[in-house]
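Right, one structure below, let's go through it.
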Amino acid sequence: MDDKTTQTDLDPLYDSPEKLRVKQAQLRLGAAGESGVPIPKPEAEKQRRTHFEGSYQNSLFSSAGSLGRPAWSDSMGGRAVIRLISRGIVGAAFFTLAARHARVQLADYNPQKIDRSKPLQWIAKTFDVTFGKAISGTTRGVSRLAGLSEAQVERNAWNAVNFRTKIYTHSKDGLLGAAGSPKNGRSLGAEMTAISFDFAMMSIGDAMTRNFIQMLDPNIKKTWWLNDQGEIAGVGDNRHFSASKWIQSTGRAAWRILSKNQGEDWAVSLPYVYQMRLQRHVMTRLMEHDLKGSKLFFDNALNGAAYKVNNAGQIIGDYNLAGAADLHARFVGYNVYTLMFREGYDTVANKLKQWKESGYQVTPHLPAHPLQSLGHGLNNTVRYVIKSTIKANMYMNPAVIPFWLMRVPSSKWRGSLINAEIGKGENAIASHISFDERVARRSAEMNVPEAEMRKRMVVDKDGATILNYNTNRDKITPYEIGKPQPDHMWFGNQKVTNPMKGLNTPYDSNAYAHYEPGVSSSFSKALNPIGKFSYWLGGKATRLAEALPESGLKRLIGMNEANPLLHDAAGRERFMRTMVDASLAYTPYFYTKTELGLRVDDTPSTGGRGKMDTAIYGLMDNLAALKFRSAGRSIKEMWHLSTHVNHDPILREGEVIKDEPVKKMSDMPQTTIQAEGRIHQVPVELSREEKAALPKAQEQDRQWSQMITQNGLSDKLIAPTTHTRH
């Protein structure tokens, strides 16, 4: 190709993708402009940008800038900086505060008698009354149909809506389960609230910050700045502030944040809690050797940070590998649900918009064959779920790796010691006094006979004796904030040396002295430097917090979870370390997920299928029909769609100001041009037989394409559909 390549040389219908990319490169690098006249490289760089619209974008960033005035979020680097602020600082702070207050508000939650002064208990109660009663009632019915005894029926109904029953702790006595044993764990409502509230608050903080940053971006047009004609002001126009437009825009943004950005976290909590239960059950079967005592670390949400110790009190391993596998499966599944929520949200929004445009007309349509329609609907639902699962896995499997790489090792400082030589595991208790003395002290505190208190403090469950006296003061952790490590720990009444006593930090290499050899130990050692860095940075952040002047902020972050009225240095250290850990884990994870998702999901926000959806459905149909050759072409198309895309997609959220009539063609492997109700597709991946079967009308399409390109339609008018948040 010579240096005088012009726009009219592009033939998007019959040029191969490689040939199109070569021709486009000539234009992008400034070899020639649309009229054949050389253009400066900076201007060519501005024209490289591609506008995207899709289901995911309105969960990511606000309206994009124009081609000549790119917004801060129009580049990968710009989005990285925005995410660093919105997720790494504000989002992490919201997440940490929410997690802390959730633990305080849900402490001792009892569905039969809630504390009306705590809003989160109202939310948990709502979930228990709705979902909990429905699920337990269904379980009772199924159990009775199976002919089980009434006692077993009630036990199954109780188990169906109670979670983390192997924490073996309850801070108030007297709560009994269906079998009359201490009611450990938490109800379905408490579980859903606890795992969703911190995520939801992180989403709110992140979305608010992104909207505020883009409000400051001078390259994004604002609906509340109007010109002299009362239209949205452009570059060089006189600007007049419209309070009503600003209120409307702010209201729409607030509704979007509450209903969609954080709404997805609440919407998916029900399937998510049952997924966690199922996958942990499966994991304990598949990883039996590495997961001895795993129920304790799973139920305490330690992200694999707990240490395994033997009866002699030696650290023989940890649960880092299991924690990484658990987090990986959890977050992939979570994002399958959120993907379907966002697409469902957009579908409802589009239907409401169409209903409004039709004058709110109601035209009921009854199917001719209800059973046939029901079968068709079930078939489409199954296909949609499978398609969504495939698509979410395409971007989530690589995106979640940076998350657990940071999250697992950085959690070590708040882990526990678990005796792996006992079948179900036994939590270690650090103390300078014997178990008998602790029973006596607790008995005096509660004014309960020692014999009764001994029964309450030790729970015999599933063949393992678990000490049921586990507070912040007496639970041994690799690093007990604000307190020196005691000399000894206890397994029941057995007193052994505390293995953490001689270690400087949880990341001290001496901790590996007695590790059992194997993949799990090697994995832990490889991740240890990452955790060590997070721990070091958390220490720096703690010193910064201590240097703050006395203020409401300092008291807020210094709240003691055991006593919310107390504000101390230990509370500040726990807050800062938790926030740093969340920032280091969630920021690269969300950024990676965004960038990969934008290249995988092109579902249009206006409804219908994107190219990726079509390719995935094609793969499913070809596999079902045993057309493996065609299935291979579908896989190849999916690969091209997810990799051959402009590296600077422009994302849109909320109100989109379409001030640029010109859009640029990306280097996708196929190009779609829509006109006069017809769709014309480039036959890139068609077989020889399929090409021969193309309608003769395609020659007219080629002439149509050449005609419009010769009449000034640049390649920016030939735009792909888009791409993918949470």
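From a predicted model like this one, the values you see are computed outputs, not experimental measurements. The figures that follow rest on heavy atoms only: side chains count, while hydrogens, waters and symmetry mates do not.
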Using every non-hydrogen atom in the two residues, find where [X] and [Y] come nearest and quote the distance to one decimal.
X    : Y    : value
D265 : F199 : OD2-O, 3.4 Å
M276 : E191 : CE-OE2, 3.9 Å
Y319 : A306 : CD1-O, 3.1 Å
F197 : A102 : CD2-CB, 4.1 Å
A615 : L641 : CB-CD1, 4.3 Å
A160 : T139 : CB-OG1, 3.5 Å

Under 4.5 Å between any side-chain heavy atoms of [X] and [Y], yes or no?
X    : Y    : value
R100 : T578 : no
S143 : Q152 : no
L188 : Y274 : yes
R633 : S630 : yes
N261 : I204 : no
M192 : W266 : no
M201 : H101 : no
L352 : V348 : yes

Just by modelled atom types, is the [Y] backbone N or O under 3.5 Å from a matching donor or acceptor in the [X] side chain?
X    : Y    : answer
Q105 : Q121 : no
N110 : Q112 : yes
Q275 : A329 : yes
E516 : S521 : no
N320 : G304 : yes
T284 : H281 : yes
D206 : G91  : no
S136 : A157 : no
N162 : W158 : yes

Once you round to the nearest 0.5 Å, how far does [atom1] of [X] lie from [atom2] of [Y]?
X    : Y    : atom1 : atom2 : answer
K118 : K125 : NZ    : NZ    : 15.5 Å
E637 : T614 : CD    : OG1   : 8.0 Å
S269 : Y337 : OG    : OH    : 11.5 Å
F403 : H328 : CZ    : NE2   : 12.0 Å
R407 : F331 : CZ    : CZ    : 7.5 Å
M406 : S411 : CE    : OG    : 10.0 Å

Electrostatic pair K627:D621 at N-O distance under 4.0 angstrom: no
In terms of heavy-atom contacts, does CG of N379 have more than 12 from other residues, nucleotides or ligands at under 6.0 Å?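 Yes, because the 6.0 Å sphere around CG of N379 holds more than 12 heavy atoms from other groups.
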side-chain contact (heavy atoms from CB on, under 4.5 Å) evaluation trace for Y109 with D115: CA-CA 8 Å; Y109 166 74; D115 185 341; over 6 Å; no
Regarding R277 and the six-membered ring of F163, is the cationic atom NZ or CZ under 6.0 Å from the ring centre and inside 45° of its axis? yes
side-chain contact (heavy atoms from CB on, under 4.5 Å) for R280 and R330? Distances and angles first, verdict last. CA-CA 10 Å; R280 288 165 178 177; R330 278 171 50 190; 3.6 Å; yes
Ring-plane angle category for Y334 and Y272, please: parallel below 30°, perpendicular beyond 60°, tilted otherwise. perpendicular
Would V400 and L327 satisfy side-chain contact (heavy atoms from CB on, under 4.5 Å), going step by step from the backbone distance to the final call? CA-CA 8 Å; V400 79; L327 289 173; 5.9 Å; no
Audit row: L106, R186, side-chain contact (heavy atoms from CB on, under 4.5 Å) steps and yes/no: CA-CA 9 Å; L106 293 174; R186 57 194 183 196; 5.8 Å; no
Is it true that the side chains of S259 and Y345 contain a donor and an acceptor less than 3.5 Å apart?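 Their side chains do contain a donor-acceptor pair, which is all the 3.5 Å distance test asks for.
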